[in-house]
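Everything on this sheet refers to the single structure shown next.
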Amino acid sequence: MAPSLWPGIARIPHPARRVPLLGDVLGVSPSAPVQDSMRMARELGPVFQRKVFGQRIVFVADPGLVAELADETRFVKKVVLAVERLRDVAGDGLFTAHSDEPNWRLGHEVLAAGFTREAMVRYHPTMVAMAQRLTASWDRRAAAGDPVDVPGDMTKLTLETIAHTGFGYDFGSFERSEPHPFVTSMVSALLHAQDRRLLIPGVRTVFARAVRKRVTGHHGHLRSVVDEVVRRRTAEGDESTDDLLGLMLNTGRPGTGERLDAANIRNQVITFLVAGHETTSGALSFALYYLAKHPEVLARARQEVDEVWGGAEVPGYEQVSKLRYVRRALDEALRLWPTAPGYVRAARADTVLGGRYPMREGAWALVLIPALHRDEEVWGPDPEAFDPDRFLPERVRARPAHTFKPFGTGERACIGRQFALHEAVLVLGLLLRRYDLHDHADYRLRVTERLTLMPEGFTLTLTRRKVPAPAHAPAG
Ligand code: MNH
C-alpha cells in the first residue's frame, strides 16, 4: 500500500531488522505468515506494520480499534493480498467479490434463503447422514486399533456435507484412501494464493507467469468439477429450490427476480465448495485436539450429550442446538485458532483510527484475529489456557462487543456461520457419545497454514463407548 495512504505510518512499530527492498523478512517463515504475525503482535503490540517485499501491511489486534473497524459507515471489506489472488479461481463469488461489485449484493440476496433457520432444519438429516459415514469409517478403525487422521477425516466429512446439502453432489470421500483430487487442487490453489513471493515488485509478472502455469492445472480441475456439478443438476431438468444450487439456477433476487449469470454461478459453486468445508474442518480438528488434551472438559461435554440426547439413536435439530457446553468448547477452540485468521477493512473516506492513526480513503488494515483473541485486557492473564467457560452467557455479556470475531464482521461476515456451528456441534456430539479418544502419540500441536489454519499430523486412536440404551428400540 502506498505509504501516503497512512500519513502517520512512521509512528506504527515494525520489526527491528528491516532489509532494504525485501522488508521485514528476517527470521520469518514463509509458510507460517499468521504465526509469525502473532509473534510480532506479542513483541510489538496490537498495532504494528510489516513490510513484505515492498508492500506495507498494517496489522490490528487491539479490541478498541477492531471495534472501530467494524463500523460499517466508516470501513468496508477490502479484497487484497491472498484473497485478491483467489479471484483467479473464485472471481466474483461471494467471498472474493469486491464490496462495490453489483454481483456481491445480488449473490448475497439470492443465497440468503439457503442460510435461514428453515434451511438448516432441512439440511440437518443430510448432515447426520454424512456424520454417520464418518462414524462407519471410524468404527472400522476402532475395531482394528488403527489411528485416525483427524484433520484428513474432518475434511472428508465437511466436504461431503457441503457438497450434499448445497449441491446434491457426492465426492465419495469415504470410499477413497487418498483425498479427492478436488481437495488436492484446492490446497494447491490456497497455498499459491498465500505465496508472498508473488508480492515482489517487478518479479511479480515473470515469476507469477511461471507459477501460474503450475496452478492453472489446479484451477482448471476445480472448474471442471464445478461444471460437472452444475451439468448433473441441469441435465435432470430439476426445478427444485431447496439447496444452494437450486436457489441459484431456479430463483432470482427477491422482489425483482434478477438472476445470477452462468459465470457467477460457477464462481459461487467453487466458493461454497471451498469456503463451506475447509474452515469447518479445521475448527472440528482443533476442537477435538483440545478435547483430547482436556479430559475434564471432554467428560462435561459428553455428560451433556448423554443428558440432552438420552437414548435417541440420532439427534433431532433442536437437540443439537441444546448442546450449550459443546458449543462453548467449540467457541473456545475458535478463539485460540480462528481457522480463517484475518480480514481486511478499508477506510471509506479519510479518517483517523483510534484518534491516532490518520488513514486516507482506501487505506486498509488487516485484523489479526488470533492476536485479538489473546488480548489480556479482554481474556485475562492466561489467554493461552483452554477454558470453555469463557463463553458462559454472563461472561460473554460482560465483554465488550467485537472481541470475538472468528466469522468476520458486518455485511461481509460469514454467511455460513450457522451452518458451520450446527454441523460442528452435531459431529462433536456424535463423536463424544460414541468413542473414547486416546492421544496415543502424545501429540504436540503444529499448526499448518494454507490461508486457513489446520493442525498438522494429528492422529487419535479410538475405542467404542457403551452408548446409553435407546429409549425406544429402533424399528427393524
Ligand atoms: Mn465463512 C466469509 C470464517 C464456515 C461461507 N467466513 C467468512 C469470513 C470469515 C469466515 C472470517 C469473512 C472473511 C472476510 O471478511 O474477508 N467461515 C469462517 C469460519 C468457518 C466458516 C471460521 C467455520 C468454522 N463459511 C463457512 C461455511 C460456509 C462459509 C460452512 C458455507 C456453507 N464464509 C462463507 C462465505 C463468505 C464467508 C460465502 C463470504 C461472505 C460475503 O462476503 O458475503
Side-chain angles (χ1 to χ4, degrees), residues 34 66 69-70 72 75-84 86-87 90 92-101 103-112 114-115 119-120 123 126-127 154-155 157-167 193 243-245 247-248 267-287 327 330-331 333-346 364-370 372-373 404-428 451-454:
V34 172
V66 170
L69 292 170
E72 297 274 44
F75 299 97
V76 62
K77 165 163 168 166
K78 185 155 175 102
V79 174
V80 289
L81 304 170
V83 180
E84 185 176 25
L86 279 180
R87 282 182 64 96
D92 59 0
L94 269 192
F95 186 77
T96 44
H98 297 297
S99 294
D100 55 5
E101 213 164 4
N103 271 351
W104 174 72
R105 196 166 294 280
L106 179 59
H108 177 81
E109 291 182 10
V110 169
L111 283 157
F115 292 94
M120 298 306 130
Y123 303 149
T126 310
M127 289 186 176
M154 293 305 118
T155 299
L157 167 80
T158 54
L159 177 62
E160 292 303 331
T161 301
I162 185 62
H164 279 252
T165 56
F167 306 96
D243 69 1
L244 300 182
L245 189 53
L247 284 169
M248 292 192 286
N267 289 334
Q268 303 293 11
V269 179
I270 293 197
T271 297
F272 278 88
L273 283 177
V274 175
H277 90 280
E278 166 79 358
T279 45
T280 312
S281 167
L284 273 163
S285 301
F286 283 112
R327 169 63 192 277
L330 177 66
D331 280 347
L334 277 171
R335 179 183 70 83
L336 286 162
W337 297 105
T339 49
Y343 59 90
V344 172
R345 302 288 288 172
W364 50 267
L366 189 151
V367 174
L368 186 62
I369 311 171
L372 172 73
H373 288 176
F404 181 59
K405 303 295 280 181
F407 293 100
T409 202
E411 278 199 325
R412 302 293 306 265
C414 183
I415 198 173
R417 178 172 176 269
Q418 292 306 333
F419 185 105
L421 294 172
H422 188 80
E423 178 184 13
V425 170
L426 162 69
V427 170
L428 290 173
L451 293 191
T452 64
L453 307 177
M454 189 79 86

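In listed order, ligands and their atoms are each counted from 1. One-based numbering along the sequence shown.
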Is the closest basic N to carboxylate O distance between D331 and R335 below 4.0 Å? no

Going by the side-chain hydrogen bond (donor to acceptor under 3.5 Å, both in side chains) test, which pairs reach into residues 412-421, not counting sequence neighbours? S99-R412

Between K78 and E84, is there a side-chain N and carboxylate O pair less than 4.0 Å apart? no

For T279, the side-chain hydrogen bond (donor to acceptor under 3.5 Å, both in side chains) test, sequence neighbours excluded, returns none

Does ligand 1 have any N/O atom under 3.5 Å from a protein N/O, and what are those pairs and their distances?
unit_1: ligand 1; atom_1: 16 (O); unit_2: K77; atom_2: NZ; d: 2.9
unit_1: ligand 1; atom_1: 25 (N); unit_2: A275; atom_2: O; d: 3.4
unit_1: ligand 1; atom_1: 42 (O); unit_2: L94; atom_2: O; d: 3.2
unit_1: ligand 1; atom_1: 42 (O); unit_2: R412; atom_2: NE; d: 2.7
unit_1: ligand 1; atom_1: 42 (O); unit_2: R412; atom_2: NH2; d: 3.3
unit_1: ligand 1; atom_1: 43 (O); unit_2: W104; atom_2: NE1; d: 2.7

Sequence neighbours left out, what passes side-chain hydrogen bond (donor to acceptor under 3.5 Å, both in side chains) with D243? Give chain and number order. R233

Hey, are E72 and K77 close enough for a salt bridge, meaning a charged N less than 4.0 Å from a carboxylate O? no

